[in-house]
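Values in this document were obtained by computation on a predicted structure and should not be read as measured data. Side chains are part of it too, since the values below use all heavy atoms of this structure and drop only hydrogens, waters and symmetry mates.
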Amino acid sequence: MGMDMNKDELIALYRQMLLIRIFEDKSAEMYAKAKIGGFLHLYNGQEAIAVGALSALRPDDDLVTHYRDHGYALARGLNANAVMAELFGREGGTTGGRGGSMHLADVDKHFWGGYAIVGGHLPLAVGLAYANVHHKTDRIVMCVMGDGSTNIGTFHAALNWAQLWKLPVIFLVENNMYAMGTAINVHSAVIEIYKKASAHDMYAERVDGKDVLAVHEVVCRLAERARGGEGPALLEAVTYRYRGHSMADSDVQRSKSEIAEQKMRDPIPTFAENVLLKRNLLTQADMDRIQKEIEAEVEAAVQFADASPEPALNTLYENIYAHPVANMQSGGSLIGPATLYSGNGKHG
Ligand SMILES: Cc1ncc(C[n+]2csc(CCOP(=O)(O)OP(=O)(O)O)c2C)c(N)n1
Ligand SMILES: [Mg+2]
């Protein structure tokens, strides 16, 4: 999509944001019912960033994110059934139930995954961008992270190399004002995150992360720059997450009034009112219908996930280790690691 979007493209943005919102609310419900285990970091409130950013990229541009990744998976066009099944840890999931919430991925869609180690994926994004240049493709890389990750050493290492080599990467920082429960002014000396790019002489901008069209517009420009060989950029999108850090977080550090105030300018109804209704692109009845369609889509994803089998025990190590595992012999149906950890003395 270019900068000026037509009616169908604008409605698509709305549908995507609503899909993410409803999908996340349903995921919270499924977590409470113990259908989903492990960690679950939800994206409520931040939808305009994933949707605005990815609609400005090509589908074959590479994408790497942190663990708050469901919105990116859905906006990249991964099937909601497969994403929900992955959260359920089932065979029908995006990676056969191996990764779960924090590790959604689809290599065919150039989505290289969510990563759990804060800042750990930034050097991978630089490597992907280097590979794109080396192989003479014009694909660019989008690397998504939170404000907290900008305090990590790999942030500076990655920015330095990307700038030095003029690599086609957009570093997108979702500044939701908190790293877990720690407010930005408590965890970072520089609270306007985009300024951190200046340490590496990198071009940077700050955008209202609740405005899907503003995010789309700036990412279009940064993508064009990067694709044209002008090098990397850092984009700070200022936002707020409505839920605690993860479903396991009691969220006691943030005041109820602050959260309520942030919800007053919700990115989804704001876009609906200021753009879709105002320009007569949709009526309230159209919006009600879309809401119902998406609720049905998410409900179907839950049914699909629930009907999908648990991965079979004898596939436990499939797609986990490279085959054949170096210096290891296969014994029975479980390859390598089963013997490695069995303490049978074979592998010292
Ligand atoms: C290297 C490392 N340190 C600590 C953690 C634990 N941890 C997980 S998420 C997180 C906060 C990150 O906050 P931010 O980058 O702002 O992202 P957000 O969750 O707000 O989207 C921390 C400290 C981790 N996963 N990795
Ligand atoms: Mg944060």
Expected output: side-chain D106 to main-chain F111 donor-acceptor under 3.5 Å: no
Looking at Y43, I'd like to know if the NZ or CZ of R241 sits under 6.0 Å from its six-membered ring centre while staying within 45 degrees of the ring's axis. no
Out of curiosity, does L40 fall in the hydrophobic cluster containing Y72 (side-chain heavy atoms, cut-off under 4.5 Å, transitive links)? yes
Just checking Y242: does its OH atom have more than 12 heavy atoms from other residues, nucleotides or ligands closer to it than 6.0 angstrom? yes
D249/S246 under side chain to side chain donor-acceptor pair (under 3.5 Å): CA gap, chis, key distance, verdict: CA-CA 5 Å; D249 177 13; S246 73; over 6 Å; no
Distance-only polar pair, side chains of E258 and Q262, donor-acceptor under 3.5 Å: no
Worked check of salt bridge (charged side-chain N to carboxylate O under 4.0 Å, His left out) between R221 and E224: CA-CA 5 Å; R221 283 191 288 105; E224 198 179 318; over 6 Å; no
Work out which heavy atom in A50 is nearest to a heavy atom in A75; give both atom names and the distance. O-CB, 4.1 Å
For the CZ atom on F39, are there more than 12 heavy atoms of other groups (residues, nucleotides or ligands in this structure) within a distance under 6.0 Å? no
Using side-chain heavy atoms (C-beta onward) and a distance below 4.5 Å, is L42 in contact with S27? yes
Closest non-hydrogen atom pair, G96 against P311: O-CG, 3.6 Å
Between R289 (side chain only) and M287 (backbone N and O only), is there a donor and an acceptor less than 3.5 Å apart? no
In terms of hydrophobic clusters joined by side-chain contacts under 4.5 Å, are I49 and Y67 together? no
Would you confirm whether S188, through its side chain, and I184, through its main-chain N or O, come within 3.5 Å as a donor-acceptor pair? no
How about CG on L164, more than 12 heavy atoms from neighbouring residues, nucleotides or ligands closer than 6.0 Å, or not? yes
Side-chain contact test, heavy atoms from C-beta onward, threshold under 4.5 Å: evaluate it for F155 versus M145 and give yes or no. yes
Residue E261 excluded, over 12 heavy atoms near CD under 6.0 Å: no
Mind listing the closest non-hydrogen atom pair of G89 and E310 along with its distance? O-OE1, 4.5 Å
Over all heavy atoms of both residues, which pair between A85 and F304 is shortest? Give the atoms and the distance, please. CB-CE2, 3.9 Å
For a salt bridge (charged side-chain N to carboxylate O under 4.0 Å, His left out) check, start with the C-alpha distance between R243 and D25, then their side-chain angles and the critical distance, and finish with the verdict. CA-CA 10 Å; R243 294 180 180 274; D25 286 342; 3.0 Å; yes
Would a hydrophobic clustering, with Ile, Leu, Val, Met, Phe, Trp and Tyr connected at side-chain separations under 4.5 Å, put Y31 with L74? yes
Closer than 4.0 angstrom, basic N to acidic O: yes or no for R139 and D61? no
Is there a side-chain contact between L63 and R76 (heavy atoms, below 4.5 Å)? yes
Carefully, step by step, assess I290 and I294 under the rule side-chain contact (heavy atoms from CB on, under 4.5 Å). CA-CA 6 Å; I290 290 173; I294 293 175; 3.8 Å; yes
Could you walk me through whether E236 and N175 pass the side chain to side chain donor-acceptor pair (under 3.5 Å) check? CA-CA 7 Å; E236 173 189 4; N175 181 4; 2.9 Å; yes
Using a 4.5 Å cut-off on heavy atoms from C-beta on, say whether the side chain of N132 contacts that of I140. no
Is it true that a side-chain atom of T239 and a backbone atom of E174 form a donor plus acceptor pair closer than 3.5 Å? no
Going through the checks in order, is the side chain to side chain donor-acceptor pair (under 3.5 Å) test met by S55 and E9? CA-CA 9 Å; S55 60; E9 289 169 337; over 6 Å; no
Please report the shortest heavy-atom distance between L172 and A237, naming the atom on each side. CD1-CB, 4.2 Å
Presence of salt bridge, K35 and E29, under 4.0 angstrom: no
Flag yes if more than 12 heavy atoms outside N185 fall under 6.0 Å of its CG atom; otherwise flag no. yes
Flag for D60-H110: side-chain donor and acceptor within less than 3.5 Å: no
Yes or no on side chain to side chain donor-acceptor pair (under 3.5 Å) for N151 and K196, after CA distance, side-chain angles and deciding distance? CA-CA 10 Å; N151 302 324; K196 294 191 183 189; 2.8 Å; yes
May I have all residue pairs that pass ring-ring contact (aromatic ring centres under 6.0 Å, His included) and include part of residues 166-192, sequence neighbours excluded? none
Can you find a pair of side-chain heavy atoms, one from L10 and one from N6, that are under 4.5 Å apart? no
Going through the distances and angles, do D211 and R265 end up as a salt bridge (charged side-chain N to carboxylate O under 4.0 Å, His left out)? CA-CA 10 Å; D211 182 341; R265 200 168 76 83; over 6 Å; no
Would you call L277 and Q284 a side-chain contact if the rule is heavy atoms closer than 4.5 Å? yes
Same cluster or not: I152 versus V169, using hydrophobic residues (I, L, V, M, F, W, Y) connected whenever any side-chain heavy atoms lie under 4.5 Å apart? no
Verify side-chain contact (heavy atoms from CB on, under 4.5 Å) between W112 and T65, making sure each step is shown before the conclusion. CA-CA 8 Å; W112 299 94; T65 77; over 6 Å; no
Verdict with supporting geometry, Y240 and R254, side-chain contact (heavy atoms from CB on, under 4.5 Å): CA-CA 11 Å; Y240 197 82; R254 306 186 307 171; 3.5 Å; yes
Is there side-chain contact between Y194 and L234, with heavy atoms separated by less than 4.5 Å? yes
On a heavy-atom basis, which atom in M17 and which in P267 lie closest, and how many Å separate them? CE-O, 4.2 Å
Between the side chains of H156 and H200, does any donor sit under 3.5 Å from an acceptor? yes
Would you call the rings of H121 and H66 parallel, tilted or perpendicular if under 30° counts as parallel and over 60° as perpendicular? parallel
G92 backbone acceptor or donor facing S308 side chain under 3.5 Å: yes
Check side-chain hydrogen bond (donor to acceptor under 3.5 Å, both in side chains) between E24 and all other residues, then give those that pass, not counting sequence neighbours. H70
Is any side-chain heavy atom of R98 less than 4.5 Å from a side-chain heavy atom of T315? yes
Given the rule that I, L, V, M, F, W and Y join up when any side-chain heavy atoms are under 4.5 Å apart, are V207 and L57 in one cluster? yes
In terms of side-chain geometry, is the basic nitrogen of K210 or D266 positioned less than 4.0 Å from the acidic oxygen of its partner? no
Would the distance check show the side chain of E86 and the main-chain N or O of T94 forming a donor-acceptor pair, the cut-off being under 3.5 Å? yes
I would like to know whether M84 and K26 meet side-chain contact (heavy atoms from CB on, under 4.5 Å); could you show each step before the answer? CA-CA 10 Å; M84 189 63 86; K26 185 59 81 176; 4.0 Å; yes
